[in-house]
Structure formats: C-alpha cells, structure tokens
Amino acid sequence: MEFAELKKHLNNEKPHACYACYGDDSYVLSRAVALISGLAGEPRPFNIVDKEFGTARELTDELMQLPLMSSVRVVIARGKIDVAAVGEYLKKPNDTTVLVVVTYIKHDSWGHDASPVIPQGATPVVCNRLDIKYVIPFVRSAIKDSGAVIFDAAVRKLYDRCGGYMTRINSEAQKLAFMRAGAEITSDDVEELVNADTEFVVFELGDSILAGNGARALEIVNGMAKNNDLVAAFTLLYNRFKKIFAAAVDPDGLAGLGVKPYQANKLKGESGKFSKARLKSMLDLLAKADYDYKTGAMSQYDALTAFVARAAGGVK
C-alpha cells in the first residue's frame, strides 16, 4: 500500500503481522513507523522495541514476547534483516506482535521505484515522496499557529524547491511561517527565502540543455559551483539523459527500468525531439566530462561547463 493509505488502514482494519516500510523520503518513513507504533499501548517503552538486530534468532525471540498491559506489541527492525527467517516466522506469527521492517532507499532521479526484497507474508508500505495533493494540506497545517496563510501556487513552488522531500518542506514551512507570521506567504517569498534543492536545480539544468539554452545552463552551473553542488550534477544528469536515450531506443522497455507511466510519457516526449545519434553524443560527452574531473584532467567546474556548452550547442 502507499503511505497515504496507511492511517485509514490502521484505523479500520485488524493490523497485519508485518509491515515492510521502504522508500526515499526519510520523513515519510518516520511517519509510517510512528503511525504503526501507535498500535502499542502503555507502558510504551516495553511494548515498542526499535533497534537493529544482530541475528535472525535475536529478532524472532523478540517477536515472540508478549505485550504488557496492552493488546499489541510493536517491534521495529532497522538495518539488514534475514528475509528468509522473517518469512518463515510469518507463516505462524505471534498474533499480539506487529513487526515493522524499515528500509531507506537512496533516491535515483528517475528510477526510485525499486523496492528491497520483501519478506514473504509482509505488507509493503511505499514511503516515497508524496504527491503534491497531500503536501498542500500538510503545509497549511504546519503554519496554522503562526497565523500565516499560503495558497496552492506557493506550496507548489516550495515543493519544487525542496525536491518534494518532506523533511525539508517541513523545516522550510516553519521558517516561512516565522518570517511571515500573520501574513500571506507568496511564491515570491518562497523564491527569495528557500534555496532550491540540488535535484530541482539539476533538473532545470537538464531542461536548459535540452532546450538549447546554453546561456541559462551556464548560469545554473555557476550558481551550483557557489553552493558546491557540482558532483551531484554529474550523477543526476547522467541518470536523466540515460533514460531519455533508453526511451529513444526502446520506449517499451522503460517499465523494466522502474520508470512510472507518467515519467515514461515525459521521457518519450523528450527523446522524440532529438536523433538517437544526438542523444548518444550527449551521453558520451557527459561520460568524458565525468572521467576528466575524476582523473584530475579538469576541474569539476571546467568539465561540467565544457559539457554544457557543447551539449546545449547542438553537438552531433
């Protein structure tokens, strides 16, 4: 299930024996764990165990313990677990224990749908970045006590500049509420007071390259250099251009790369504007730039600007 469905599920259904919570947003992951932990009653220090388990035996022994003065005990297993052992346990679980397996997945700009191995019998809970429709009411609730108000356009700007990550959205919303207490938080306020997330900036850089706007692309690179964000640019750009090229070569194969249908349509649209040779040249140029800075032949800045100038200039 998606994270957005979890609260309703817990309120209306009998809890499952195991929830495997995974995703690329640490805030959403923490909220999922908190919601499931709410099933345990007092004394919570006894009825909630949250740790990394050294062995499968240690974990299964913990799972067989009974709750104290509560109908449910929650065991949160972090780090690497023995998936097979958990699957075996779930064939005949302790019906007073709820196991939560937590896995943070480092975000890949275009392919963050890859899931870890889920124990047989566990219920997956996807904790990737939330859709904007869930973030809008969250931000309004977060700033409510300050008397500030914010409209949809400004929340969307905040969402983009924070890369959609709830940890940063929450902290930036609190900052904006403090600075604009009792007043409206506008899109201009967000533009002025919230630094753009690296991923958002690199996405804009990619857009500028694809549009052939070299001047804007170089301007973005200069801004990134001031913020020491250049290393991330190589990885994020390569991920994007690789998938655009994949869309040109085999459009039907994108699903196998973990690309969602909406993203696949966008990639197909972008790939259709260029020849396969042009896209391959961009990838080759970027790989060379990456190699040049890693081997010390060029600085990160010089390597990236050389790539941007040639790629945005329409090199064949």
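All values reported here derive from a predicted model rather than from experimental measurement.
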Decide yes or no on side chain to side chain donor-acceptor pair (under 3.5 Å) for Ser299 and Asp302, but give the supporting numbers first. CA-CA 5 Å; Ser299 68; Asp302 288 341; 3.3 Å; yes
Could you go step by step and tell me if Tyr159 and Ile136 meet the side chain to side chain contact (heavy atoms under 4.5 Å, CB included) rule? CA-CA 9 Å; Tyr159 182 92; Ile136 290 173; over 6 Å; no
Might you confirm whether atom [atom1] of [X] has over 12 heavy atoms from other residues, nucleotides or ligands at distances under 6.0 Å?
X      : atom1 : result
Lys273 : NZ    : no
Met1   : CE    : yes
Arg44  : CZ    : yes
Glu58  : CD    : yes
Lys268 : NZ    : yes

Keeping [X] on the side-chain end and [Y] on the backbone end, is there a donor-acceptor pair under 3.5 Å?
X      : Y      : value
Asp24  : Arg129 : yes
Thr96  : Leu66  : no
Asp189 : Leu176 : no
Ser141 : Phe138 : no
Lys175 : Asn170 : no
Gln174 : Ser171 : no
Asp82  : Ala85  : yes

For a salt bridge (charged side-chain N to carboxylate O under 4.0 Å, His left out) check, start with the C-alpha distance between Lys288 and Asp284, then their side-chain angles and the critical distance, and finish with the verdict. CA-CA 6 Å; Lys288 183 178 185 304; Asp284 291 343; over 6 Å; no
Check: Tyr293 ring centroid to Phe234 ring centroid under 6.0 Å: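 Centroid distance Tyr293-Phe234: below 6.0 Å, so yes.
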Check for me whether the distance between the ring centres of His9 and Tyr19 falls short of 6.0 Å.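 Centroid separation for His9 and Tyr19: below 6.0 Å.
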Measure across [X] and [Y] and return the closest heavy-atom pair with its distance rounded to 0.1 Å.
X      : Y      : value
Thr103 : Leu29  : O-CD1, 3.8 Å
Cys162 : Ile169 : CB-CG1, 3.6 Å
Ser70  : Pro67  : O-CG, 3.2 Å

Under 3.5 Å side-chain donor-acceptor pair for Tyr89 and Asn94: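 Absent: no donor and acceptor within the cut-off.
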Any side-chain donor near an acceptor of the partner, Thr186 and Asp188, under 3.5 Å: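 Checked: Thr186/Asp188 side chains show no N/O donor-acceptor pair below 3.5 Å.
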When hydrophobic residues are tied together by side-chain contacts of less than 4.5 Å, even through go-betweens, does Val249 share a cluster with Met282?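 Per the 4.5 Å side-chain linkage, Val249 and Met282 are co-clustered.
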Indicate if Leu285 and Leu230 have the same hydrophobic cluster label, given that clusters are the connected sets of ILVMFWY residues with side-chain heavy-atom separations under 4.5 angstrom.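 Cluster IDs for Leu285 and Leu230 match.
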If you define the side chain from C-beta out and look only at heavy atoms, does anything of Ile118 sit under 4.5 Å from Tyr22?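 Yes, side chains in contact.
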Side chains of Val28 and Asn128 in contact at under 4.5 Å (non-hydrogen atoms):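 They are not in side-chain contact.
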Residue pairs passing the salt bridge (Lys or Arg N to Asp or Glu O under 4.0 Å) test where at least one lies in residues 134-150, sequence neighbours excluded: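 Sorted pair list: Arg140-Asp152.
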Report the C-alpha separation of Asp207 and Arg240 in whole Å, then their side-chain angles, then the decisive distance to 0.1 Å, and conclude whether the salt bridge (charged side-chain N to carboxylate O under 4.0 Å, His left out) test is met. CA-CA 10 Å; Asp207 280 350; Arg240 182 175 181 184; 2.5 Å; yes
Asp290/Tyr238 under side chain to side chain contact (heavy atoms under 4.5 Å, CB included): CA gap, chis, key distance, verdict: CA-CA 10 Å; Asp290 184 66; Tyr238 192 80; over 6 Å; no
Carefully, step by step, assess Ile185 and Val149 under the rule side chain to side chain contact (heavy atoms under 4.5 Å, CB included). CA-CA 6 Å; Ile185 299 170; Val149 295; over 6 Å; no
Tell me who clusters with Phe46, hydrophobic residues only, linked when side chains sit under 4.5 Å apart either directly or through other members.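 Phe46 shares its hydrophobic cluster with Leu68, Met69.
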Is any NZ, NE, NH1 or NH2 atom of the basic residue among Glu13 and Lys8 found under 4.0 Å from an Asp or Glu carboxylate oxygen of the other?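 Not counted as a salt bridge, because no side-chain N and carboxylate O are separated by less than 4.0 Å.
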Nearest 0.5 Å please: distance from the CE atom of Met64 over to the CG atom of Leu59.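 CG of Leu59 is found 11.5 Å from CE of Met64.
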Let me know which of Lys51, Arg73, Arg57 forms a side chain to side chain donor-acceptor pair (under 3.5 Å) with Glu62.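 Output: one option passes, namely Arg73.
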Take Lys80 and Glu52 through the salt bridge (charged side-chain N to carboxylate O under 4.0 Å, His left out) test and state the conclusion after the steps. CA-CA 8 Å; Lys80 189 175 181 180; Glu52 288 192 28; over 6 Å; no
